[in-house]
There are 2 protein chains.
Amino acid sequence: MTVGDPAPADLSGRRSTRQRSALVALLEELDEFRSAQDLHALLRARGDAVGLATVYRTLQSLVDDGQLDVLRSTDGEAAYRRCSPSHHHHLVCRSCGRTVEVADPPVERWAARMAAEHGFTDVQHQVEVFGTCAACTTAPS
Amino acid sequence: MTVGDPAPADLSGRRSTRQRSALVALLEELDEFRSAQDLHALLRARGDAVGLATVYRTLQSLVDDGQLDVLRSTDGEAAYRRCSPSHHHHLVCRSCGRTVEVADPPVERWAARMAAEHGFTDVQHQVEVFGTCAACTTAPS
DNA sequence: GATGTTCATGAGAATCATTCTCGCACAGCG
DNA sequence: CGCTGTGCGAGAATGATTCTCATGAACATC
């Protein structure tokens, strides 16, 4: 502490490494929510092997920086996806994982008003709709 | 059966056991979401010792029968709470865990319509609003 | 009440995602 | 070019949840 220590708490002051770049690039190409395990396997499959611990660590930091959306599926696994610029929710197929983004201003307002009425502040809401998409409904399991 | 059947309200022919009754009774007294581990500890504390596996199994069956609400906290732990008769969502204080139930017919309709428009069937939705309640906002952390 | 079938129970092992440990490598800086 | 601290990774640790399977209880029947 006695040494000159500005500690600039810079969110973007992350080092640029091969592993981090590979993960960010992969996420850039994907449109659906994928689990950490999944992303790890995909990286390995494409030749950009990255340690599992690193995947988790990097994912965590990206979430902290607000660059990723996290979703917790009903089986307790966390799924990640790059953040869209605008706020939105998802319609997720519980069979094939296909995701449709849906915007819904009314719900936004509703959540805010509801929270305010009960004295809640610093509000966040989480709206996910799960179902079986048309393709999976017709396809035999 | 010759005696008048008290009808234990078993929806799907579940056997009435001491363990199941104890868990149901406990849930009946609680108003907040509690984790399975938590419920297990509470049962043991009050003398109604029940195996952990049984707690999970019973909780699962109650959820299947629609008698419990499940919530997945951000750390991946599942929390259970008895279900209100009508469908509703929650406003949860992320600091003290206090929960407020909120009904919202508009959102129900919106989710159903949205899903239908995209060809999704067998739809379920999950809406949770997290925030800091009035008490926790004023109180120092 | 006695009895047999079947399902629930529970102790511990197994599973699985996620996090931690800690020695080593490398990015960024002088 | 060499320092220094941060990021990496293999494997161990953690912790919640699920599975295994022998035992016991619940319910219908006799």
What is the nucleic acid contact for [X], judged by heavy atoms within less than 4.0 Å: base, sugar-phosphate only, or nothing?
X        : value
Arg18(A) : sugar-phosphate
Thr54(B) : base
Ser16(A) : sugar-phosphate
Gln19(A) : sugar-phosphate

Ignoring the backbone of [X], work out which of [options] is nearest its side chain.
X        : options                   : result
Arg57(B) : dT17(D), dT9(C), dC8(D)   : dT9(C)
Thr17(B) : dG7(D), dT9(C), dT17(D)   : dT9(C)
Ala53(B) : dT18(C), dT21(C), dC19(D) : dC19(D)
Arg14(A) : dT19(C), dA8(C), dG7(D)   : dG7(D)

Exercise. Report yes if at least one side-chain N or O of Tyr56(B) is closer than 4.0 Å to OP1 or OP2 of dT18(D); otherwise report no.
Key: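 Result: no.
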Practice problem: Flag yes if more than 12 heavy atoms outside Arg44(A) fall under 6.0 Å of its CZ atom; otherwise flag no. | Solution: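 At most 12 heavy atoms, drawn from other residues, nucleotides or ligands, come within 6.0 Å of this atom.
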Practice problem: Between Val55(A) and Tyr80(B), just flag the one whose closest nucleotide in DNA chain D comes earlier from the 5' side. | Solution: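 This one resolves to Val55(A).
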Quiz item: Does Asp38(A) reach the side chain of Phe33(A), with side-chain heavy atoms less than 4.5 Å apart?
Solution: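 No - every pair of side-chain heavy atoms lies 4.5 Å or more apart.
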Quiz item: Is any side-chain N or O of Arg15(B) under 3.5 Å from a base N or O of dT6(C), one able to act as donor and the other as acceptor?
Solution: yes
